[in-house]
Amino acid sequence: KQQGYDVVGLFMRNWEYGIKGSQCPNRIEFEDAKKVGALIGIEVIGKDFVKEYRDRVFDVFLDGLKQGLTPNPDILCNREIKFNVFLNEAKNMGADMIATGHYAKIAKYKDHFVLDTPKDSSKDQSYFLFSTTKEQLSYVHFPLGGMTKEETRQHAVRFGLKVADKPDSQDICFVPGG
């Protein structure tokens, strides 16, 4: 927004509320996102991708486990939901690009876009984004890639965001107890 973009927040709900044992705080996260949006003047819209997540991530994850594989739901979610279903929804809403909170960078190499490591190598998430295509990357911006986690938190404090001290989210929401 500071760079002059017309920004709309798009919150994706990927998991059902109230599933026994679920650790997914979707409702709280959405409320936090709306409060932050209101503070900085950004509308935040919620979209439901529960069916797509169940079909393309959760069921695939379970099938992989049954076959003795070690699937990674974060990689599946990035490939199937964030940079596929979510990106397409944003485009359908008229977005020219999306920005996410991943700690990664995008670099231009010759005539295409590639993943690059972020400033904060201890938070590097480029591994979880390896299956993102060059075309998808051409629509993506990772604003946190040039900052450390501490710098991100300092910005949140400077803007008066109550989420500045919120613990990092590193759990898989459908795995009880983290």
Side-chain angles (χ1 to χ4, degrees), residues 9-30 32-33 46-93 95 97-149 152 166-178:
L10 184 56
F11 182 89
M12 56 185 211
R13 184 172 82 99
N14 294 336
W15 196 247
E16 292 288 346
Y17 301 124
I19 292 179
K20 186 177 180 181
S22 174
Q23 301 297 307
C24 204
N26 278 331
R27 199 170 306 185
I28 295 166
E29 298 294 336
F30 185 42
D32 284 349
K47 291 289 181 172
D48 191 333
F49 301 125
V50 171
K51 181 179 179 348
E52 293 87 348
Y53 187 88
R54 181 169 290 281
D55 292 348
R56 298 181 187 196
V57 177
F58 185 70
D59 290 347
V60 172
F61 173 77
L62 290 180
D63 288 344
L65 289 176
K66 290 174 188 172
Q67 296 172 37
L69 303 173
T70 311
N72 185 313
D74 289 330
I75 291 170
L76 292 170
C77 183
N78 284 323
R79 183 184 71 210
E80 298 297 327
I81 307 301
K82 289 178 189 157
F83 299 101
N84 186 339
V85 176
F86 179 88
L87 176 59
N88 289 330
E89 179 66 26
K91 286 181 189 179
N92 289 339
M93 293 173 65
M97 64 187 306
I98 63 170
T100 75
H102 289 94
Y103 282 88
K105 282 185 177 177
I106 298 174
K108 191 145 190 188
Y109 177 75
K110 296 186 180 178
D111 63 340
H112 60 274
F113 296 93
V114 295
L115 281 171
D116 198 358
T117 54
K119 178 179 180 179
D120 191 342
S121 61
S122 72
K123 294 293 180 184
D124 186 358
Q125 294 176 301
S126 59
Y127 168 77
F128 297 104
L129 301 166
F130 80 89
S131 64
T132 311
T133 68
K134 291 177 262 186
E135 181 188 0
Q136 290 166 329
L137 289 175
S138 72
Y139 290 99
V140 177
H141 181 59
F142 297 127
L144 302 183
M147 294 189 276
T148 65
K149 182 69 173 198
T152 302
K166 195 172 187 173
D168 292 355
S169 170
Q170 297 179 341
D171 291 333
I172 300 169
C173 60
F174 57 78
V175 179

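Considering all non-hydrogen atoms of both residues, K149 and D120 come closest at N-OD2, 2.8 Å. In terms of heavy-atom proximity, W15 sits nearest to R54 at CH2-NH2, 4.1 Å. For I81 against M12, the heavy-atom pair with the smallest separation is CG2-SD, 4.1 Å. Heavy atoms only, all atoms of each residue included: R79 and S131 are closest at CB-OG, 3.3 Å. For I98 against A90, the heavy-atom pair with the smallest separation is CG2-CB, 3.5 Å. In terms of heavy atoms, T100 sits closest to H102 at OG1-ND1, 2.6 Å.
Between M93 and E89, the closest side-chain pair of non-hydrogen atoms falls below 4.5 Å. Proximity of P118 to K123: side-chain heavy atoms (C-beta onward) are nowhere separated by under 4.5 Å. Inter-residue side-chain proximity for L87 and K82 is flagged as unmet; no heavy-atom pair is nearer than 4.5 Å. Contact check for K47 versus F86: no side-chain heavy atoms found under the 4.5 Å cut-off. No side-chain heavy atom of V85 sits less than 4.5 Å from a side-chain heavy atom of Y53. Side-chain contact between D63 and V60 is absent, with no heavy-atom pair separated by less than 4.5 Å. Using a 4.5 Å heavy-atom threshold, the side chains of E52 and N14 count as separate. Side-chain atoms of F58 and P73, non-hydrogen and from C-beta on, never get closer than 4.5 Å to each other.
Using a distance-only test at 3.5 Å, with no hydrogens or angles considered, a donor-acceptor pair links the side chain of T152 to the main chain of T148. Between the Q136 side chain and the T133 main chain, a donor and an acceptor come within less than 3.5 Å of each other.
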Worked check of side chain to side chain contact (heavy atoms under 4.5 Å, CB included) between Y127 and I75: CA-CA 8 Å; Y127 168 77; I75 291 170; 3.7 Å; yes
Pair N84-R56, side chain to side chain contact (heavy atoms under 4.5 Å, CB included): steps then yes or no: CA-CA 11 Å; N84 186 339; R56 298 181 187 196; 3.6 Å; yes
For a quick test of your reading: what N or O donor-acceptor pairs under 3.5 Å do the side chains of residues 137-147 make, sequence neighbours left out?
from	atom 1	to	atom 2	distance (Å)
S138	OG	E135	O	2.5

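Neither side chain, Y103 nor S126, offers a donor N or O lying under 3.5 Å from an acceptor on the other.
A salt bridge links R13 with D48: at least one charged nitrogen is closer than 4.0 Å to a carboxylate oxygen.
Rounding to the nearest 0.5 angstrom, the gap separating the CG atom in L76 from the CG atom in D59 is 11.0 Å. Distance check, rounded to the nearest 0.5 Å: CG of L69 to CZ of F61 gives 11.0 Å.
Relative to the six-membered ring of F113, K134 misses at least one condition, a distance below 6.0 Å or an angle of at most 45° to the axis.
For D32, the salt bridge (charged side-chain N to carboxylate O under 4.0 Å, His left out) partners at least two apart in sequence or on another chain are K166.
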